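Every value quoted in this text rests on a predicted model; they were computed, and no experiment measured them.
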Amino acid sequence: MQLCLKLALIMLVLVCVTAQQHNYRRPTRVGVSCCKEVSKGTIPATIKLMGYKHQNALSPCVDAIIFYTEKEKLCSDPKATWIKNRLNGLKKIVD
């Protein structure tokens with residue numbers, strides 16, 4: 001009787017493991033969405049900025065200030081002289 005119980009338990013474990021492998025799905029690929037280059041040019045005052053984020057350099061991404069407008073993201077050089085003036089009054093965006 002003990003042998004039958006052990007065999008039944010082993011069979012149950014095998015069925016559970018096999019069923020789990022059947023439902024396994026690979027994780028989805030996460031794409032890299034970052035600034036890979038920056039502009040040194042100023043952003044015209046006519047463009048309304050909603051916020052900003054500082055992006056650290058971690059290949060393939062470069063050190064950048066990302067300005068958010070209503071429609072797009074603009075990648076700017078954080079060492080540019082005009083950056084500090086444009087950051088005033090903007091909210092910092094946290095991902």
Side-chain angles (χ1 to χ4, degrees):
M1 188 69 175
Q2 285 278 355
L3 184 61
C4 288
L5 189 58
K6 287 182 181 176
L7 285 174
L9 185 59
I10 291 172
M11 291 294 286
L12 181 63
V13 169
L14 286 174
V15 167
C16 289
V17 169
T18 305
Q20 291 248 337
Q21 287 180 350
H22 177 70
N23 290 331
Y24 175 75
R25 291 173 45 188
R26 281 190 245 160
T28 57
R29 177 177 275 172
V30 177
V32 175
S33 176
C34 65
C35 296
K36 295 177 184 149
E37 57 185 39
V38 293
S39 170
K40 292 186 185 272
T42 61
I43 298 174
T46 55
I47 295 179
K48 183 179 178 189
L49 301 176
M50 309 300 287
Y52 75 95
K53 178 175 84 168
H54 183 256
Q55 170 185 285
N56 293 317
L58 185 59
S59 187
C61 308
V62 296
D63 192 29
I65 298 291
I66 304 171
F67 287 103
Y68 292 88
T69 69
E70 290 180 343
K71 296 180 182 178
E72 62 184 339
K73 298 177 191 177
L74 305 171
C75 302
S76 298
D77 184 356
K79 296 174 188 155
T81 56
W82 59 269
I83 292 287
K84 287 183 183 178
N85 291 335
R86 285 308 295 260
L87 293 181
N88 290 335
L90 288 178
K91 65 178 180 177
K92 189 169 187 176
I93 296 174
V94 179
D95 281 333

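Among pairs with a residue in residues 56-71, none fulfils salt bridge (Lys or Arg N to Asp or Glu O under 4.0 Å), at least two apart in sequence or across chains. Within the structure, the side chain to side chain donor-acceptor pair (under 3.5 Å) test picks out no pair touching residues 80-89 (sequence neighbours left out).
As a member of the Ile/Leu/Val/Met/Phe/Trp/Tyr network built from side-chain separations under 4.5 Å, Val62 groups with Val38.
Glu72 is linked by a side-chain contact (heavy atoms from CB on, under 4.5 Å) to Thr69, Leu74, counting only residues two or more places apart in sequence or in another chain. Under the rule for a side-chain hydrogen bond (donor to acceptor under 3.5 Å, both in side chains), the partners of Lys40 that lie at least two apart in sequence or sit in another chain are Asp77. With sequence neighbours excluded, the residues forming a side-chain hydrogen bond (donor to acceptor under 3.5 Å, both in side chains) with Asn56 are His54, listed by chain and number. Legend: residues meeting side-chain contact (heavy atoms from CB on, under 4.5 Å) with Leu87, ordered by chain and number and at least two apart, are Tyr52, Ile65, Phe67, Ile83.
Remark: Cys61 SG to Cys34 SG, distance under 2.5 Å.
Between the CD atom of Gln55 and the OG atom of Ser76 there is a distance of 11.5 Å, given to the nearest 0.5 Å.
Considering every non-hydrogen atom in both Ser33 and Lys73, the closest pair reads OG-NZ, 4.5 Å. Residues Pro78 and Ala64 share a closest heavy-atom pair of CD-CA, 3.7 Å.
The hydrophobic cluster containing Ile43 also contains Leu90, counting ILVMFWY residues as joined when their side-chain heavy atoms lie under 4.5 angstrom apart, directly or transitively.
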